[in-house]
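When a ligand or atom number is given, it counts from 1 through the structure's own listing order. The chain is numbered in sequence order, starting from 1.
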Amino acid sequence: MKHRLTALTALVLAGLAAGCARDAGTDAQSGAEPAPAAASKVLNVYNWSDYIAEDTIANFEKETGIKVTYDVFDSNEVLEAKLMSGNTGYDIVVPSLTFLSRQIQAGVFQELDKSRFANYANLDPEFMALLAQNDPGNGHAIPYLWGTTGIGYNVAKVREALGEDAPVDSWALVFEPENLAKLKGCGVAFLDTPSEIIPPVLRYLGEEPNSFDEAVIQKAVDRLAQLRPSITYFHSSQYINDLANGDICVTIGWSGDIIQAQARAEEAGKGVEISYVIPKEGAPMWFDMLAIPKGARNVDNAYLFLDYLMRPEVMAGVQNYVAYASANQAALPMVDEAILNDPGIYPTEEAKAGLFTLAVLPPEVDRLFTRHWTTLKTGQ
Ligand code: N2P
């Protein structure tokens with residue numbers, strides 16, 4: 001395992017360094033003091049949907065007597081809009097690293113006092129060094145889970161639509177208009193986020209996936225406009241059930257979510273076989289980070305929860321349930337073999353070579369992405 005993580009971190013190092021080089025901003029930490037922690041026994045958590053084990057919250061509540069209000073989102077853009085518009089009411093939020101980076105610059109997070117954690121040493125130091133490129137000194141966030149953005153598909157239906165030679169190992173499956181038109185009949189979903197769809201389209205077209213050049217970005221937008229008539233819907237969580245039930249046959253989605261769909265399909269026992277693939281042209285990899293917003297009212301409880309999540313058995317329980325990888329090296333011996341050996345969760349050496357991290361988007365590129373995305377979805 002150690003070997004695997006070491007190889008991965010080398011890859012990540014190269015990727016993060018590239019992303020970091022684009023990020024010319026400074027880490028403008030606000031001098032504001034954290035809000036005084038209320039003594040109440042409550043905690044407000046805002047996490048991604050389908051991203052925690054069934055018993056993680058209940059066990060924490062039982063142990064601490066703290067009542068957790070647990071809300072979910074499925075989009076970095078939605079979380080960011082809340083964070084940027086002021087007090088969210090949440091004590092813990094979970095942005096992806098590249099979004100976290102610019103949110104740190106905007107001063108929305110408290111600086112963490114690591115002396116309050118008993119379990120911090122469980123985190124892989126090599127991993128932490130890499131994350132520090134976007135969160136200086138690991139000052140504002142704890143890694144939760146990481147994964148890739150690839151393709152989930154219904155094996156039988158894709159074969160039926162495209163034949164035995166269907167390019168299931170390539171973005172061609174979903175980025176060639178001709179192929180997607182043939183899949184339209186059995187249902188096609190795309191993640192509802194420009195930040196993770198535009199870069200792989202660019203990579204497939206042979207362009208720099210993290211380009212900030214308007215003319216280059218336009219090439220992805222043009223391709224997406226060609227694909228648009230064959231896309232059934234844009235959504236970032238509905239595809240789990242729809243894939244498992246056979247209501248869609250292909251989606252661009254997140255590794256663990258598609259592997260959850262695969263497990264649900266198996267449990268349902270109706271013969272639906274789902275596969276997840278990291279396309280051979282390369283795919284985005286990302287890291288989701290736990291952070292405490294300024295203005296959080298239950299800071300002591302937030303620290304307790306973060307420390308709880310860093311316990312090996314708690315993190316392994318989460319990983320075994322949601323099928324994502326973590327940066328908790330002490331958890332590895334407790335992670336199921338099926339998870340550790342699934343190349344969709346821990347990519348092979350070959351797949352790793354093609355993975356790329358996403359850039360921290362400057363505001364003007366972010367606005368451009370949003371504008372294009374709205375036009376694509378609504379036609380306006
Ligand atoms: C969980 C999706 C998490 C990953 N449903 C996206 N960063």
Side-chain angles (χ1 to χ4, degrees), residues 12 15-16 19 45-54 56-57 70-83 92-103 127 131 134-135 141-152 189-200 209-210 233-244 248 251-265 274 276 278 283-291 309 315 317-328 339 342 344-347 355-361 369:
V12 176
L16 284 187
V45 176
Y46 196 38
N47 193 8
W48 295 84
S49 50
D50 302 289
Y51 219 34
I52 200 154
E54 240 170 355
T56 315
I57 298 293
Y70 187 82
D71 292 341
V72 296
F73 60 90
D74 64 9
S75 148
N76 268 308
E77 287 84 354
V78 167
L79 168 60
E80 181 159 277
K82 284 199 183 178
L83 286 168
I92 292 185
V93 294
V94 197
S96 301
L97 184 67
T98 48
F99 280 76
L100 173 102
S101 175
R102 66 179 184 215
Q103 291 156 5
F127 225 104
L131 298 173
N134 285 69
D135 173 20
I142 304 282
Y144 184 53
L145 298 167
W146 66 266
T148 53
T149 305
I151 302 172
F190 273 32
L191 287 173
D192 186 9
T193 172
S195 58
E196 291 182 57
I197 298 289
I198 291 175
N210 287 313
Y233 65 76
F234 293 87
H235 198 280
S236 299
S237 49
Q238 193 186 325
Y239 64 87
I240 304 180
N241 275 332
D242 286 355
L243 206 53
I248 57 169
T251 187
I252 299 180
W254 292 310
S255 44
D257 287 17
I258 290 162
I259 291 156
Q260 289 177 49
Q262 188 177 56
R264 284 183 210 180
I274 305 299
Y276 174 69
I278 298 173
M285 72 186 303
W286 39 260
F287 311 86
D288 291 331
M289 309 294 293
L290 299 151
L309 286 180
M315 184 42 74
V318 170
Q319 288 189 246
N320 291 337
Y321 194 82
V322 300
Y324 281 100
S326 84
N328 191 314
I339 302 278
D342 190 326
I345 304 170
Y346 287 98
L355 295 179
F356 56 89
T357 54
L358 299 166
V360 181
L361 298 182
F369 272 31

Quick one: which ligand 1 atoms are inside 4.0 Å of a heavy atom on Tyr324? 2 (C)

Near Ser49, which atoms of ligand 1 are under 4.0 Å from a heavy atom of that residue? 1 (C), 5 (N)

Sub-3.5 Å donor-acceptor pair from the side chain of Thr251 to the main-chain atoms of Ala189, do we have one? yes

Residue, atom and distance of the protein heavy atom nearest atom 2 (C) of ligand 1 read Trp254 CE3, 3.4 Å

Any donor-acceptor pair under 3.5 Å linking the side chain of Ser75 with the backbone of Glu77? yes

To the nearest 0.5 Å, what is the distance between CG on Leu79 and OH on Tyr46? 6.5 Å

Taking the ring of Tyr144 and the ring of Tyr324, is the distance between their centroids below 6.0 Å? no

Checking the N or O distance criterion of under 3.5 Å, is ligand 1 in contact with Asp288? yes

Decide whether an N or O pair under 3.5 Å exists between Asp257 and ligand 1. yes

Heavy-atom closest contact (Leu145 atom, Gln319 atom, distance): CD2-CG, 3.9 Å

Show which atoms of ligand 1 fall inside a sub-4.0 Å distance from at least one heavy-atom site of Ser96. 7 (N)

